[in-house]
Structures are given as C-alpha cells and as structure tokens.
Amino acid sequence: MMKLKKFIVTLSVMCFASLSLAGCGKKQDTNKLVVGTNAEFPPFEFVSVSGGVVDKYAGIDIEIIKKVAEDNGMKVEINNMEFDSLTVALSNGQISCAIAGMTITEDRKKSVDFSEPYYVAKQVMIVRGDNNDIKKATDMKGKKIAVVQGYTGQIEVENLGYKDTMSAFKKGTEAIQELVNEKCDVVVIDSATANQYIKDNPSLKIVEDDDAFASEEYGIAVKKGDTKTLEMVNASIKKMKEDGTIDAISAKYAEGAADSEATNDAQ
C-alpha cells in the first residue's frame, strides 16, 4: 500500500510539472501584437501580390496597426479570418485586437471594447453605370441587393426592411461580381471601399443618399475589459491623429497606392 501511495504522489507531481510546462509553452509573447483582420476590404486591408506592409497584407488598417505596435516596441502578427469570427477570436484570447474597418456600434460594444475612432465613413450604393432607377435608398425596394456578411451594409439594408431581397456574401469581391454579372441590382458597402471597387470596375457607379445613411466611425476592437491593450492602442491613435499620420496613410491609398486590382484577382 505504501508503494502504491508513493507511486500516486510521484505521478501527481509529474503530471503537475508537465501541465506547468505546457502552460509556459502557451504563454503569450508580450513583444508581439496578435491582430485579427478580414483582408477582403480594400483599401483598408487586402492581400497584396506585390509585397505587403506586414507579411502579405497591406492597407490603411494594416499600416495603422503596424504603427501602433512600433510605438510600443512590438511586432505584428496578422491573423486573416472571416469578419464575423473576429469578436469570437477576441473573446477566446486568440487575438489581442481586431482592425477591419469595423464600425463602432452599440450592439458590438456589448461584446468588445472599442478604441477611439480613427476613420469616418458612410454607406453608399453601387450600381451598374446604365442603372438610372436607383437614385436613393428607398429605390432599392423590390430590387436584388448584395451586401457583405456582417458588414454595416447588411445591418443598414435590414433596417430599411429589405432583408427579403438581400443576399449576403463573405467577400466584397463576390458581391461586386454579382453586380457585374447582372445577378443583382445594387451593392451596399462602405464609401472608401466602394471607391476602390469603382476604380477596378469603371462600368459601375456610386449612388449616395445622406438622408438614409449617416456617417459612421471605425474603431479598433479589443477584448471586453482589456484596459491595458485599449490604453496602448488609444495612445497611439491619438498621436497619429495629432501628427497627421492617419491622414497621410489614408491619402496614400486614396491616391491608388493599393494594388487592389491584382489583389482581387488573387482572392
């Protein structure tokens, strides 16, 4: 019996040691900022075939988050995932923060904490160049509408009461292709991204309706209650807004620095 007890004690100690070592192996690298994004949203984040800002990724958001990391002596690791998966990845600790042209909304604030806004945008409608039927949001009634799953455009279309004629796609490029192929009448998406798609598809045009679509603000999301990461991000954003870094980055991509046409072909 004594030998059995000693064996059990020894085995318990060994198991505890093994678990401790395993825990150490999973310890988060404090010198690395693990970031989640959805690289389907040019000019904010996309896969660049000509060399990215961080690995193969480029865009306004990628440059901003890289600067956040640099300001804090850290390196960036980008995790590309579906937009709807970002808040879940934050909750389970898979990523430290998420930047993906994410609009700050009261509903999303229930799941994550947001940084101060770093970009102001609005929703617009994209139609084919020969479409003169859609001049305002109410003209979409009865039309086939394409949106990107989880994006603000989907929320806005549902709020307008047009869910029954709406189709949600995982990628903006898929929604745009649906429009080019005349399988839908209109795509609702963020203004900056719409401008990028228009550059790549000159047969399309943008229709705005400021009465239907209000301005919205993008923020960087962190895990609920993660004040350390939030304060770090906010300090860097404040600095970039004050010294003009964010304006310079935005202007750079507005002038066509994004090789989105090559990117869209690759995705």
Side-chain angles (χ1 to χ4, degrees), residues 33-46 48 52-54 57-81 83 86-87 89-90 95-124 148 150-153 155-156 172 189-196 213-255 257-258 260:
L33 186 62
V34 183
V35 179
T37 194
N38 175 244
E40 308 286 352
F41 194 55
F44 292 92
E45 41 269 320
F46 56 91
S48 173
V53 174
V54 178
Y57 303 104
I60 295 171
D61 285 352
I62 303 301
E63 296 215 20
I64 287 174
I65 204 63
K66 181 184 179 184
K67 190 67 171 62
V68 169
E70 289 175 348
D71 286 347
N72 293 277
M74 305 170 76
K75 293 183 178 180
V76 180
E77 176 186 307
I78 300 293
N79 283 253
N80 186 22
M81 56 186 70
F83 188 83
L86 293 171
T87 53
L90 282 171
I95 56 177
S96 304
C97 64
I99 185 167
M102 189 180 291
T103 302
I104 300 171
T105 67
E106 292 303 316
D107 188 55
R108 286 173 180 158
K109 283 181 180 179
K110 296 174 185 177
S111 304
V112 301
D113 287 334
F114 279 104
S115 69
E116 66 173 84
Y118 66 88
Y119 195 93
V120 178
K122 64 178 179 178
Q123 297 298 303
V124 297
V148 183
Y151 282 18
T152 308
I155 298 169
E156 293 284 4
I189 201 165
D190 300 60
S191 53
T193 303
N195 285 320
Q196 193 66 53
F213 303 123
S215 295
E216 56 196 74
E217 297 176 318
Y218 293 168
I220 299 174
V222 303
K223 184 177 182 178
K224 200 75 177 171
D226 185 359
T227 55
K228 182 179 179 180
T229 302
L230 187 62
E231 289 172 0
M232 177 186 77
V233 168
N234 274 336
S236 188
I237 288 177
K238 182 180 179 182
K239 178 184 173 184
M240 283 190 278
K241 287 168 76 172
E242 290 175 349
D243 65 16
T245 298
I246 290 179
D247 287 339
I249 291 171
S250 300
K252 169 183 171 183
Y253 284 89
E255 292 167 2
S260 60

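Values below: all heavy atoms of this structure, side chains included; hydrogens, waters and symmetry mates excluded. None of the values given here were measured: they were computed from a predicted structure.
Side chains of Asp243 and Thr245: a donor on one and an acceptor on the other come within 3.5 Å. With hydrogens and angles left out, the side-chain atoms of Asp190 and Gln123 include a donor and acceptor closer than 3.5 Å. With 3.5 Å as the limit, one finds no donor-acceptor pair spanning the side chains of Ser250 and Asp247. Defined by atom type and a distance below 3.5 Å, a donor-acceptor pair is missing between the side-chain atoms of Asp61 and Tyr218. In this model, a donor atom of one side chain and an acceptor atom of the other lie less than 3.5 Å apart for Thr152 and Thr103.
Once rounded to the nearest 0.5 Å, the distance linking CD1 of Ile95 with CG of Leu33 reads 10.0 Å. Once rounded to the nearest 0.5 Å, the distance linking CD1 of Ile99 with OG1 of Thr37 reads 7.0 Å. Separating the CD1 atom in Ile60 from the CD1 atom in Ile246 is a distance of 10.0 Å, to the nearest 0.5 Å.
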### Message
Quick one, Leu86 with Met102, criterion side-chain contact (heavy atoms from CB on, under 4.5 Å). Give me CA distance, side-chain angles, the key distance, then yes/no.
### Response
CA-CA 10 Å; Leu86 293 171; Met102 189 180 291; 3.9 Å; yes
### Task
Just do the side-chain contact (heavy atoms from CB on, under 4.5 Å) check on Asn79 and Val34 with the steps written out, would you?
CA-CA 7 Å; Asn79 283 253; Val34 183; 3.4 Å; yes
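Shown here are the ring pair (Phe, Tyr, Trp, His ring centres under 6.0 Å) partners of Tyr57, two or more places apart in sequence or in another chain: there are none. Among residues two or more places apart in sequence or in another chain, the ring pair (Phe, Tyr, Trp, His ring centres under 6.0 Å) test is passed with Tyr151 by Phe41, Phe83.
Counting only heavy atoms from C-beta outward, the side chains of Thr193 and Ile189 approach each other to under 4.5 Å.
Panel note: side chain Ser191, backbone Val124; no donor-acceptor pair is recorded below 3.5 Å. Side chain of Tyr253 to main chain of Gly59: a donor-acceptor pair is present (N/O by atom type, distance under 3.5 Å, no hydrogens or angles). For Asn234 (side chain) and Ser115 (main-chain N/O), no donor-acceptor pair under 3.5 Å exists by modelled atom type. Of the possible donor and acceptor atoms, none in the side chain of Gln196 sits under 3.5 Å from a partner among the backbone N and O of Pro43.
No more than 12 heavy atoms of other residues, nucleotides or ligands sit less than 6.0 Å from atom NZ of Lys239.
Applying the salt bridge (charged side-chain N to carboxylate O under 4.0 Å, His left out) rule to pairs touching residues 215-224 yields Asp113-Lys224, sequence neighbours excluded.
Using a cutoff of 4.0 Å between basic side-chain nitrogens and carboxylate oxygens, Glu70 and Lys67 are not scored as salt-bridged.
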